[in-house]
Number of protein chains: 2
Amino acid sequence: MKPKYMTLVEALESMIQSMGKNEMIPSERVLAKEHNLSRMTVRKAIDYLVDQNKLYRVNKVGTFTTDEKLYKKVDAFSGFTNEVRRAGGEPSSELIEYSLQAANKHIAANLGIKEGDLIYKVIRLRKKNGVPIMIDEAHFPQAIIPLNEQVVTGSIYDYIQNTLGLKIVTANQRFKATFAKKEYQKYLEIDELTPVIRTELHVYLEDGRIFEFNHGYINTDRYEIVSKSYQ
Amino acid sequence: MKPKYMTLVEALESMIQSMGKNEMIPSERVLAKEHNLSRMTVRKAIDYLVDQNKLYRVNKVGTFTTDEKLYKKVDAFSGFTNEVRRAGGEPSSELIEYSLQAANKHIAANLGIKEGDLIYKVIRLRKKNGVPIMIDEAHFPQAIIPLNEQVVTGSIYDYIQNTLGLKIVTANQRFKATFAKKEYQKYLEIDELTPVIRTELHVYLEDGRIFEFNHGYINTDRYEIVSKSYQ
DNA sequence: ATTAAAATATGGTATATACCAATAATTTTG
DNA sequence: CAAAATTATTGGTATATACCATATTTTAAT
């Protein structure tokens, strides 16, 4: 059974969708009355959306929409599928390429394996609610992650954690502004003059082995990278 | 007057400090009784710490400490000067503009203040080892951060923390690929076709007030953004 | 029309209470 | 001693209520 505040979150999300930026939403008391909820429950729903950067509050004035688009959390890495889902979206991916090949020097160095060792190369176009957001080339050492075509069309991270029982502990990510490869521009629905963020990602297992080396191109008009840091 | 849940947050923080990782803290009901608070107030304090990744909950079991110490080190926000220094570089900055002005609608919304409130606008070219890396426009509400020209040429963060005695707790940052403003291109030593990463930064004080809204342009050929995340 | 006072609305905090569902500890049963 | 049943404990959700301090709007006075 879905909690009531979650139902309200969804209602508010679609309301926000149809609003401009920095517009005020109805007050907590009004929302409570409209939805037959207590104000505390309404606050919980709003808390949820404030945490997601979709709303912000101004004390004694009101609660307003942000210019939030899609965003990517940097501080807790869980794979594209889970990240999009957590942000309240419906993730999907289109498989562009899937092959088993020998690692070249560059890939081998980034995975900490020997040149010539077998790796799976997986190129996927990632979408949120059907909208292309990023395209990425992932490389997995066959010796650690035995893939097959069925797994590749789903969430590889769920497979690694649940089926293989491996524990993912850290991810190092680098960001750089650049242009996308020509052959990727059509997938991302951009032209040759649209800058993108290129990510480079190394993901580690508990024992320190790298099981994924990934580089991707993000259309930041559709998917902004967000990071939250604490002191 | 400090809210009660904040007092509990502090008490819990020092408790966490003396505990190991993945250790269970007392239950909400016990904490409520011990501190003469209602359980809802205790939950609010725990919510705060969960959001900061210092605690995590397991439904029907308990609330536990994380291995946050490591995480904090990597992702802690400390301003450009300290960040460059930590990376082993020599930071410096060139003051491009410094003025006191009335906040326009956009700036006011981002700082959570009223349109027309006075803010300091500080534009600086940031360098690492004398090489221009990024340029940023920072905005500080005068009511919170009283600046002067001398402070602006040094580390504003050191001034805020040491002289004003304010506590910086969180920073939200967003990244987007774009091009730099024309007048900034010469400072960054790039041409009009070099993509940059645009950052947008909100920095928060302990009481939730935003004391800095900042947007900057990074020459990622010289300065890549790196993030490390834990699961 | 301007100014001043009053009323209203807002988010922020805090309490007390209640029930749920699943886990973990305890007790009972065989 | 082992298995099963019971009980206590846990976080999750939800309501109703109350008061605060300030921003905004409305009304009244000048």
Side-chain angles (χ1 to χ4, degrees), chain A residues 1-12 15-16 22-51 53-66 86, chain B residues 1-12 16 22-51 53-66 103 105 108-109 111-118 141 143-144 169-170 204-210:
Chain A
M1 174 61 182
K2 192 187 299 177
K4 292 187 182 180
Y5 79 88
M6 257 307 168
T7 309
L8 180 57
V9 163
E10 287 162 12
L12 289 174
M15 173 192 286
I16 291 167
N22 295 311
E23 254 185 79
M24 191 165 108
I25 66 166
S27 76
E28 297 172 353
R29 288 167 177 86
V30 168
L31 287 171
K33 197 159 259 179
E34 279 179 0
H35 293 81
N36 280 308
L37 296 169
S38 77
R39 189 180 151 213
M40 294 307 283
T41 303
V42 172
R43 278 186 70 80
K44 195 161 184 185
I46 293 178
D47 281 344
Y48 186 90
L49 291 167
V50 166
D51 191 58
N53 253 312
K54 292 181 179 168
L55 294 174
Y56 67 93
R57 304 186 209 254
V58 180
N59 195 3
K60 291 139 203 167
V61 180
T63 302
F64 302 84
T65 57
T66 60
R86 188 173 51 197
Chain B
M1 174 60 181
K2 193 186 297 176
K4 292 186 182 180
Y5 78 88
M6 258 307 169
T7 310
L8 180 57
V9 163
E10 286 161 13
L12 290 174
I16 291 167
N22 296 310
E23 254 187 79
M24 192 165 114
I25 66 166
S27 77
E28 298 172 354
R29 287 167 178 85
V30 169
L31 287 172
K33 198 158 257 179
E34 279 179 1
H35 293 82
N36 280 309
L37 296 169
S38 76
R39 189 181 151 213
M40 294 307 281
T41 304
V42 172
R43 278 185 70 80
K44 195 162 184 184
I46 293 179
D47 281 345
Y48 186 90
L49 291 166
V50 167
D51 191 57
N53 255 311
K54 292 180 180 170
L55 294 174
Y56 65 94
R57 303 187 210 253
V58 179
N59 193 4
K60 290 140 204 165
V61 180
T63 302
F64 303 83
T65 58
T66 59
K105 200 165 188 172
L111 281 172
I113 60 176
K114 281 181 303 191
E115 196 177 342
D117 283 358
L118 289 177
I144 305 177
V169 289
T170 65
Y204 292 78
L205 292 176
E206 201 171 13
D207 59 9
R209 286 182 300 174
I210 302 172

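Each chain gets a letter, A, B and so on, in the order its sequence line appears, and its residues count up from 1.
- In this model, the phosphate group of C:dT15 is approached by a side-chain N or O of B:Lys4 to a distance below 4.0 Å at OP1 or OP2.
- In this model, the phosphate group of C:dG12 is approached by a side-chain N or O of A:Arg43 to a distance below 4.0 Å at OP1 or OP2.
- The A:Lys44 side chain lies nearest to D:dT13 when the options are C:dT23, D:dT13, C:dT10.
- Residue B:Arg57 places at least one side-chain N or O closer than 4.0 Å to OP1 or OP2 of D:dG12.
- The CD atom of A:Glu28 sits 18 Å away from the P atom of D:dC20 (whole-angstrom rounding).
- In the set C:dA24, D:dT15, D:dT10, D:dT10 carries the atom at the smallest distance from any side-chain atom of B:Ser27.
- Closest contact between the side chain of A:Thr41 and the listed nucleotides D:dA14, C:dT23, C:dA14 involves D:dA14.
- Here the nucleotide nearest the side chain of B:Met40, chosen from C:dT17, C:dT23, D:dG11, is C:dT17.
- Between the side chain of B:Thr65 and the main chain of B:Glu23, a donor-acceptor pair closer than 3.5 Å is present.
- For A:Lys60, the listed nucleotide lying nearest its side chain is D:dT22; candidates were D:dG11, D:dT24, D:dT22.
- Proximity note for B:Pro3 (side chain, C-beta onward) versus D:dA14, C:dA14, D:dG12: the nearest is C:dA14.
- Residue A:Tyr5 places no side-chain N or O under 4.0 Å from the OP1 or OP2 atom of D:dA14.
- Candidate nucleotides D:dT15, C:dG11, D:dT24 were compared by shortest atom distance to the side chain of A:Ser38, and D:dT15 ranks first.
- Side-chain proximity of A:Arg39 to the nucleotides D:dC19, D:dT15, D:dG11 is greatest for D:dC19.
- Atom C1' of nucleotide C:dT10 and atom CZ of A:Phe64 are separated by 10 Å, given to the nearest angstrom.
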